[in-house]
Amino acid sequence: MDALKNRRNLESKEVGALKAKGQDASAEIAAMKQVSEQIAALDAQLREAETTREEKLLYVPNPPHPSVPDGAAAESNREVRRWGAPPAFDFAPKPHWELGEKLGILDLPRAAKVSGSGFTCLRGAGARLQRALLGFMLDLHTQKHGYTEIWPPVLINAKSMTGTGQLPKFAEDMYALRDDPLWLAPTAEVPVTNLYRDEVLRADQLPIKLCAYTPCFRREAGSAGKDTRGMIRVHQFDKVELVKITSPETSSAEHEALVRDAEAVLQALGLPYRVMLLCAGDMGFCAAKCYDLEVWCPGVNAWLEVSSCSNFEAFQARRMNLRVKDAEGRNRAAHTLNGSGVAFARLNVALLENFQRADGSIALPEALRPYLDGRAEIR
RNA sequence: GGAGGAGUGGCUGAGCGGUUGAAGGCACCCGACUUGAAAUCGGGCAGCGGGGCAACCCGCUCGUGAGUUCGAAUCUCACCUCCUCCGCCA
């Protein structure tokens with residue numbers, strides 16, 4: 001193939017030289033025409049084979065990191081550590097939907113009227129609390145953890161969705177627009193990581209640490225009937241996301257640090273949680289290793305996932321052609337990581353259920369008060 | 001949405017069918033001059049993939065993709081992005 005192309009290149013130059021001298025080159029031209037036809041045929045074959053191969057590769061999941069435990073489902077996840085103690089109540093703790101409704105801060109019936117089931121509407125102090133959480137989390141990550149704040153688009157094209165691994169396999173999990181080839185972001189991971197798609201980064205730019213607040217949209221296809229009450233599993237929720245782009249050498253350490261950054265949110269709010277290392281079977285398609293942060297929610301009597309911190313290693317970087325130039329000047333796939341820091345909906349659940357009092361009012365954590373004009377409770 | 005214009009190396013900017021992978025400038029690197037620096041002068045300097053111990057060699061790349069041609073940065077078509085003006089609009 002390359003040899004044929006080489007011949008065409010060389011002899012075409014000769015044709016040019018002959019013509020420049022005013023000589024006849026029709027014999028050479030005829031020969032080259034044949035060569036060009038051969039090249040075109042081979043080229044088409046090669047392209048087709050490569051396209052087929054790449055399409056198939058897009059469906060191959062990321063192999064788990066060696067430190068990931070075996071196992072098919074959540075039962076095999078390993079608890080790594082636990083922080084805080086579940087609160088002791090001298091009354092029966094209520095679930096968040098009862099608390100929220102009584103306080104007039106959560107209006108699920110009207111949200112269903114506007115959009116449908118699986119949507120929430122917060123009101124008054126509930127809405128105000130979101131604004132406080134947003135400021136609190138972003139300040140924590142930008143001021144204490146060294147992340148740069150990003151405010152990205154949330155309507156996403158197919159290339160970006162493929163880059164982070166949502167497409168082509170998970171198209172049915174996402175909302176698509178009817179008239180434009182765009183998708184609603186299921187997580188800020190997509191727009192934020194894809195900011196660097198098709199780039200070659202210098203080692204001295206790394207690690208890149210970004211955080212972003214965005215709404216997130218998920219169809220939750222296939223999870224019908226699960227967690228249908230309240231605001232545990234909804235189609236639209238808000239999230240502060242942490243994203244890192246690192247060299248292959250440092251991604252593992254950066255992953256651990258990212259988990260700690262997410263934990264810092266829960267610690268500052270005083271919410272009891274545990275860190276779970278997911279087993280191979282419970283991890284997503286893209287991750288090489290993943291920790292979940294699960295916060296204790298006494299009202300629903302369950303540990304709820306408020307953050308999922310993944311190291312994708314080179315998986316996403318290869319899909320999005322994101323590379324790092326190493327010391328020898330070679331380009332290698334970067335490593336990408338992300339984790340929620342943290343998701344709002346379930347955080348609300350945790351705040352309401354953990355800090356509820358017998359009379360149905362809610363005590364607000366100290367750390368949030370500067371963001372709430374000093375307010376200490378919702379009642 | 002309508003009408004125009006533009007996309008070339010890290011940046012800028014020429015080229016508009018035939019040794020052009022691409023002039024010039026800036027930036028950068030090496031060297032000379034200098035006590036040092038600046039200025040000046042000389043030299044070097046695109047990326048990706050493949051082959052070789054190496055000197056080097058080959059292929060691809062001028063927004064993307066198709067096409068015309070023996071040969072395309074240069075011609076044709078489609079798409080994408082950006083800019084200007086009009087309309088609409090938070």
Side-chain angles (χ1 to χ4, degrees), chain A residues 1-58 114-115 127 130-131 134 150-164 167-168 176-185 190-206 208 212-215 217 236 238 245 247-248 314 316-335:
Chain A
M1 184 77 201
D2 278 0
L4 278 176
K5 284 188 175 175
N6 179 227
R7 193 176 152 205
R8 178 182 62 180
N9 289 345
L10 288 177
E11 299 208 13
S12 288
K13 276 189 182 171
E14 279 176 33
V15 171
L18 284 174
K19 286 211 160 186
K21 286 186 230 156
Q23 295 173 0
D24 178 54
S26 50
E28 286 79 0
I29 289 176
M32 280 313 97
K33 192 173 176 112
Q34 287 206 335
V35 172
S36 279
E37 278 163 12
Q38 283 180 55
I39 290 171
L42 285 172
D43 231 353
Q45 272 182 41
L46 183 68
R47 237 195 337 266
E48 198 189 317
E50 278 178 352
T51 307
T52 312
R53 178 170 145 269
E54 304 218 328
E55 278 168 2
K56 290 193 171 158
L57 283 175
L58 287 176
V114 171
S115 298
Q130 305 313 293
R131 187 148 54 88
L134 169 55
I150 302 287
W151 198 281
V154 294
L155 257 45
I156 310 290
N157 64 30
K159 265 199 168 173
S160 295
M161 285 294 196
T162 307
T164 30
L167 287 179
L177 299 199
R178 191 192 62 188
D179 292 329
D180 295 289
L182 293 168
W183 306 74
L184 271 67
V190 181
V192 175
T193 312
N194 275 286
L195 291 174
Y196 289 91
R197 177 155 51 80
D198 290 321
E199 293 196 21
V200 180
L201 302 169
R202 299 185 316 272
D204 66 294
Q205 292 175 275
L206 302 178
I208 291 173
Y213 158 80
T214 68
F217 304 93
Q236 177 186 336
D238 299 278
I245 299 170
S247 69
Q316 295 180 326
R318 274 195 295 265
R319 289 175 157 243
M320 68 171 76
N321 194 29
L322 163 55
R323 293 164 296 172
V324 191
K325 197 168 280 295
D326 68 16
E328 287 80 50
R330 286 190 190 282
N331 291 334
R332 297 176 300 162
H335 279 196

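In what follows, chains are A, B, ... by sequence order, proteins preceding strands, each numbered from 1. Heavy atoms only: backbone and side chains are in, while hydrogens, waters and symmetry mates are out.
Picking from rG18(B), rG59(B), rC48(B) the nucleotide with the shortest atom distance to the side chain of Arg323(A) gives rC48(B). When each of rG21(B), rG59(B), rC70(B) is scored by its nearest atom to the side-chain atoms of Asn6(A), the top-ranked nucleotide is rG59(B). Of the candidate nucleotides rC60(B), rG18(B), rG47(B), rC60(B) has the atom nearest to the side chain of Asn9(A).
Across all strands shown, Lys325(A) has heavy atoms under 4.0 Å from sugar-phosphate atoms exclusively, and none from any base.
Of all nucleotides present, only rC70(B) satisfies the Watson-Crick or G-U wobble test against rG18(B), with each distance under 3.5 Å. The base-pairing partner of rG4(B), taking Watson-Crick or G-U wobble contacts with both distances under 3.5 Å, is rC83(B). Within the shown strands, rG10(B) is the pairing partner of rC26(B) under the Watson-Crick or G-U definition, both distances less than 3.5 Å. rC33(B) makes up no base pair with any nucleotide shown, lacking Watson-Crick or G-U wobble contacts both under 3.5 Å. Across all strands shown, rC48(B) forms a Watson-Crick or G-U wobble pair with rG59(B), both key distances being under 3.5 Å. Across all strands shown, rA78(B) forms a Watson-Crick or G-U wobble pair with rU64(B), both key distances being under 3.5 Å. In this structure, rA38(B) forms no base pair with any nucleotide, since neither Watson-Crick nor G-U wobble geometry is met with both distances under 3.5 Å.
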Point to revise | Derivation and outcome, side-chain hydrogen bond (donor to acceptor under 3.5 Å, both in side chains), residues Arg197(A) and Ser160(A) | key: CA-CA 8 Å; Arg197(A) 177 155 51 80; Ser160(A) 295; 3.0 Å; yes

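Panel note: side chain Arg319(A), backbone Thr162(A); a donor-acceptor pair is recorded below 3.5 Å.
Both Arg7(A) and Ser36(A) sit near RNA chain B, but only Arg7(A) has its closest nucleotide nearer the 5' end.
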